[in-house]
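In what follows, a single structure is set out as structure tokens and then discussed.
Chain identifiers are assigned alphabetically (A, B, ...) following the order of the sequence lines, protein sequences preceding nucleic acid strands; residue numbering begins at 1 within each chain. Any value given below was found using the heavy atoms of this structure, including those in side chains, with hydrogens, waters and symmetry copies removed.
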There are 2 protein chains.
Amino acid sequence: MVKKDQGNSELVSIPEPTLRRLPIYYKYLKMKFDEKDRYVSCTTIAKNLNLKSIQVRKDLQVTGATGKPKVGYHIESVLSAIETCLGYNNVKDTLLVGTGHLGLALLGYKGFREYGLNIVAAFDTDPHKIGAVYHGKKVYNLSQFKLLAQRLKIQIGIITTPAEVAQIVCDQMVESGIKAIWNFAPVHLMVPADVIVQNENMSSSLAVLSKQLLERKRS
Amino acid sequence: MVKKDQGNSELVSIPEPTLRRLPIYYKYLKMKFDEKDRYVSCTTIAKNLNLKSIQVRKDLQVTGATGKPKVGYHIESVLSAIETCLGYNNVKDTLLVGTGHLGLALLGYKGFREYGLNIVAAFDTDPHKIGAVYHGKKVYNLSQFKLLAQRLKIQIGIITTPAEVAQIVCDQMVESGIKAIWNFAPVHLMVPADVIVQNENMSSSLAVLSKQLLERKRS
DNA sequence: TAGATTGTTAATCGATTAACAATC
DNA sequence: TAGATTGTTAATCGATTAACAATC
């Protein structure tokens, strides 16, 4: 009980911009590690990711990782700090609804494993799809969602349905005890206050992209 | 030349957070309009989108749209202000590379039209896919990319390839004169300073989602 | 008219950046 | 040792929020 702040990095609330950058550092550092690098300075990280070195330093600080002056950061330690910080090492089971192209893309994405995300099964209402197995994940009838969600105590749901039915699916998820929804359908979902929604909003990214393009053209 | 600031809303640089919210207002207002509403107050918008009314007011302000005290904002006017502001009414042609599930999902997404984005054609290296037509868009051999990009003077490229080849594709795009890249591959791309990259970063959203979930559980 | 709602100016808050001392 | 790089405190910047006057 003498040391203060030791190991409580998870308890400190992390600014969202930092939170969003941590997975980017993580991927970059993994690559560096695979290339047999063992230490890296924040200057190098910054240069490669188009950031400022001071920002990298500040960001890594919140994970609890420390570096050595002159030497830089021990890549393996930072990786493990980020893993702890973002909960990559405890698996979060999820259920996905909607097996269109986007749903299948997510089902097949191997990278989620690395982030501790496990898509257990998929759901659809299309009789042609129910019963099929994609990327090792079975597609169930949506009517079974609640049963499975409750039995497996699933907390996270992924919506990759057409926009028109997303709210209905969302309601079902909420009713099944889902506490966080990752929404890829292009609609704003209405949920009770105790449920979290994270929208994957392509139109927002597109707005940023095309505005930047316009500004560049002007100069 | 008497009025100042008239019609130059496009020239004012818009804060990125606002820029990201504009498409969300746009979709919401379109829905309201389809429901035969003609005016809406920022209080109502805020309530429905989980924002603060003052923020909505500030955001709409940058589009040049104005409201009427007591009445609210004329939905149609705001829609058209956002359209102008985000360039929804001049079509931006793009080429997409990578016709996996994600690529097909984007090819098939009708909503892009509304944002002024038009995917002209797709590219792949898989002989089984080349020549196919998905959602009315033809798949060409990647080797033809430069030819088509230059002939059609394409400025925006979309990357939906596996991570391993994304950088190579990116380099080709840059060489073909592409000035903005919308990247869905989970890698950080290296580009010259005059090229814009917008990363669709699922790992960042996931980080935010799972962190929020963790925080909720604690309380 | 009365009051709901906008528009605008000022205050606050939080993230980024700068500066520099500590240190391997 | 000398100097590159971290860690930390302070300054800046920009977005959000508050307050309130203007107005339909």
| task | Return yes if a side-chain donor-acceptor contact under 3.5 Å exists between Q167(B) and D171(B), otherwise no. | result | yes
| message | Heavy-atom nearest nucleotide on DNA chain C for E16(A) versus K68(A): which residue maps closer to 5'? | response | E16(A)
| task | Could you pull out the closest heavy-atom pair between L86(A) and K92(A), with the gap in Å? | result | O-NZ, 4.3 Å
| message | My validator wants the stems of DNA chain C: runs of 3 or more consecutive Watson-Crick or G-U pairs, both distances under 3.5 Å, written as range with range. | response | C:3-24 with D:3-24
| query | Could you give the distance from CG (L142(B)) to CD (Q172(B)), rounded to the nearest 0.5 Å? | reply | 4.5 Å
| request: Go through residues 43-60 of chain A and report each residue with a non-hydrogen atom lying under 4.0 Å from DNA chain C, sorted by number. | output: K52(A), I54(A), Q55(A), R57(A), K58(A)
| said: How about CE on M190(B), more than 12 heavy atoms from neighbouring residues, nucleotides or ligands closer than 6.0 Å, or not? | reply: no
| query | Quick one: on DNA chain C, does T66(B) or P17(A) contact a more 5' nucleotide (nearest heavy atom)? | reply | T66(B)
| said: A side-chain contact here means heavy atoms from C-beta on lying under 4.5 Å apart; do I159(B) and L189(B) qualify? | reply: yes
| remark: Under a 4.0 Å heavy-atom criterion, DNA chain C is touched by chain B from dG3(C) to dA10(C)
| said: Using a heavy-atom cut-off of 4.0 Å across all strands, would you classify K70(B) as base, sugar-phosphate, or nothing? | reply: base
| Can you list every pair that meets side-chain hydrogen bond (donor to acceptor under 3.5 Å, both in side chains) and has a residue in residues 173-186 of chain B, with sequence neighbours left out? | K146(B)-E175(B), K179(B)-D194(B), W182(B)-E200(B), N183(B)-N199(B)
| request: Return the minimal non-hydrogen interatomic distance between S204(B) and I24(A), and the atom names on each side. | output: OG-CD1, 4.1 Å
Could you tabulate the donor-acceptor pairs under 3.5 Å formed by side-chain atoms of residues 93-114 of chain A, not counting sequence neighbours?
from    : atom 1 : to      : atom 2 : distance (Å)
D93(A)  : OD1    : N118(A) : ND2    : 2.9
T94(A)  : OG1    : N118(A) : O      : 3.3
T99(A)  : OG1    : D124(A) : OD2    : 2.5
E114(A) : OE2    : K30(A)  : NZ     : 3.3

| task | Report the distance from atom NZ of K211(B) to atom SG of C85(A), rounding to the nearest 0.5 Å. | result | 4.5 Å
| message | So, using side chain to side chain donor-acceptor pair (under 3.5 Å) as the criterion, who are the partners of E76(A) when residues are at least two apart? | response | none
